[in-house]
There are 2 protein chains.
Amino acid sequence: MTSQDKNEQHRAEMKKQQAAHRKKMAGKEQQKRGLLMVNTGSGKGKTTAAFGTILRALGWSRKVGVVQFIKGKWKTGERLFFKRFEDMVDFRVMGEGFTWDTQDRERDIAAARAAWEVGLDMMRSGDYDLVVLDELNIVLRNDYLPVEEVIKGLLSRHKDCSVFVTGRDAPQELIGVADLVTEMTNVKHPFDAGFQPVRGIDF
Amino acid sequence: MTSQDKNEQHRAEMKKQQAAHRKKMAGKEQQKRGLLMVNTGSGKGKTTAAFGTILRALGWSRKVGVVQFIKGKWKTGERLFFKRFEDMVDFRVMGEGFTWDTQDRERDIAAARAAWEVGLDMMRSGDYDLVVLDELNIVLRNDYLPVEEVIKGLLSRHKDCSVFVTGRDAPQELIGVADLVTEMTNVKHPFDAGFQPVRGIDF
């Protein structure tokens with residue numbers, strides 16, 4: 001096949017793809033309300049993709065809230081970053097650290113409850129276009145909050161508020177009511193190859 | 001079991017987990033060079049998680065480069081965002097749009113080659129802590145650039161430069177040489193439910 005034939009074939013194929021794409025898009029509706037999104041799975045990128053969504057939202061001057069349910073008060077790249085955007089991102093680190101460090105179930109439950117109340121207020125207020133409830137799935141997995149109560153709260157959010165819930169082991173009940181669910185799977189991970197987390201990438 | 005018993009049991013279990021975690025971490029090495037990371041799969045969050053990593057890197061005042069291989073010049077949240085950080089993020093939109101819109105294989109190849117040269121210079125310069133080669137996997141899938149040449153280029157990067165390659169259908173050769181590979185899988189997606197992409201979330 002000559003180079004010109006190849007180009008012609010390519011053009012014909014692309015015209016077909018374009019028509020198919022346009023047809024598909026023409027039938028689609030606009031979202032009338034904020035989305036409920038979940039990033040789960042044991043792979044990397046659950047919280048990170050929620051932060052990437054924040055970056056997009058900030059580009060469009062949206063108001064964003066973040067509640068971190070598990071992570072402790074140590075220094076992370078995200079915290080340093082959000083400090084510069086205090087007027088646009090309401091970033092609340094509510095977790096006391098990993099559960100194996102606190103070793104106190106009742107304190108963990110109290111911290112989870114306090115974090116949830118903050119997130120609930122954000123979602124219902126109408127002041128936020130996007131609220132990230134980071135590692136809420138872990139809170140649910142550990143039975144620190146009843147899943148029915150949390151789902152009821154998520155569904156009671158302001159209609160224009162999109163919510164991102166992250167963390168492995170998202171409960172089936174949450175998947176059932178979510179609009180978007182993505183599973184992150186490890187194909188290959190440097191932790192498994194014996195390496196430590198890297199500043200500026202992993203935290 | 002009384003509440004006190006439950007707490008005691010929890011504490012004992014957490015002590016065990018903490019010890020296991022510490023032992024695991026103590027055996028780990030520090031990364032001596034920048035990582036080669038790949039986000040692939042047909043699910044959402046591949047580019048978005050790379051952007052979330054940028055947000056972390058910016059928090060630590062790292063220098064970041066982004067080359068978009070496919071996306072065209074339309075307005076996206078990420079572009080609007082990166083405009084504010086022009087001193088820290090070198091954001092280059094090199095793509096001419098989706099291949100079905102350009103319908104010109106030779107123009108696509110030329111655009112891919114030009115984008116690759118920009119990315120290669122960034123990776124080798126030593127000026128960037130993190131370089132995102134967005135949708136490079138699509139370029140490889142379409143045979144717009146030879147995979148051997150691209151891998152050679154990725155491996156020739158400055159030793160402190162971490163690289164993120166995104167896009168579905170990452171070639172096996174790339175997965176073979178990468179340090180971190182995550183696959184994003186759709187569990188549930190609003191596009192499938194008949195909805196359009198949402199500004200501030202999908203772009």
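Since the model is a prediction, treat every value here as computed from it, not as a measurement. We name chains A, B, ... by the order of the sequence lines, and we start the count at 1 in each one.
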Visitor: Among Gly43(A), Ala50(A), Pro190(A), which residue forms the greatest number of heavy-atom pairs with chain B at distances under 4.5 Å?
Guide: Pro190(A)
Visitor: When you measure from the side chain of Trp60(A) to the backbone of Leu80(B), do you find a donor-acceptor pair of N or O atoms at a distance under 3.5 Å?
Guide: no
Visitor: Given that the side chain runs from C-beta out, which part of Asp129(A) has a heavy atom under 4.5 Å from chain B: side chain, backbone, both or neither?
Guide: neither
Visitor: Which heavy atom in Gln196(A) sits nearest to a heavy atom in Gln30(B), and how many Å separate them?
Guide: OE1-CG, 3.1 Å
Visitor: With only heavy atoms counted, which part of Thr53(A) is less than 4.5 Å from chain B, the side chain, the backbone, both or neither?
Guide: both
Visitor: Let's go through Arg84(B) and Leu58(A) carefully: what are the C-alpha distance in whole Å and the side-chain angles of both, what is the deciding distance for side-chain contact (heavy atoms from CB on, under 4.5 Å) to 0.1 Å, and is it a yes or a no?
Guide: CA-CA 10 Å; Arg84(B) 307 189 184 185; Leu58(A) 293 182; 5.6 Å; no
Visitor: Quick one: does any side-chain atom of Lys188(A) pair with a main-chain N or O of Ile175(B) as donor and acceptor, under 3.5 Å?
Guide: yes
Visitor: Identify which of Glu106(A), Gln31(A), Met184(A) forms the greatest number of heavy-atom pairs closer than 4.5 Å to chain B.
Guide: Gln31(A)
Visitor: Which heavy atom of Arg105(B) sits nearest to which heavy atom of Asn7(A), and what is that distance?
Guide: CB-OD1, 3.8 Å
Visitor: Is Arg113(A) atom CZ crowded by more than 12 heavy atoms from other residues, nucleotides or ligands, each under 6.0 Å away?
Guide: yes
Visitor: Picking from Leu180(A), Val181(A), Thr182(A), what satisfies side-chain contact (heavy atoms from CB on, under 4.5 Å) with His189(B)?
Guide: Leu180(A)
Visitor: Report which part of Lys83(B) has an atom under 4.5 Å of a heavy atom belonging to chain A: side chain, backbone, both, or neither.
Guide: neither
Visitor: Can you say whether Thr185(B) sits under 4.5 Å from chain A via the side chain, the backbone, both, or neither, judging by heavy atoms?
Guide: both
Visitor: For Phe164(A), is it the side chain, the backbone, both or neither that has a heavy atom under 4.5 Å from a heavy atom of chain B?
Guide: neither
Visitor: Where on Thr40(A) is there a heavy atom nearer than 4.5 Å to chain B: the side chain, the backbone, both, or neither?
Guide: neither
Visitor: For Arg62(B), is it the side chain, the backbone, both or neither that has a heavy atom under 4.5 Å from a heavy atom of chain A?
Guide: side chain
Visitor: So which heavy atom on Arg56(A) is nearest to which on Phe51(B), and how close?
Guide: NH2-CE1, 3.9 Å
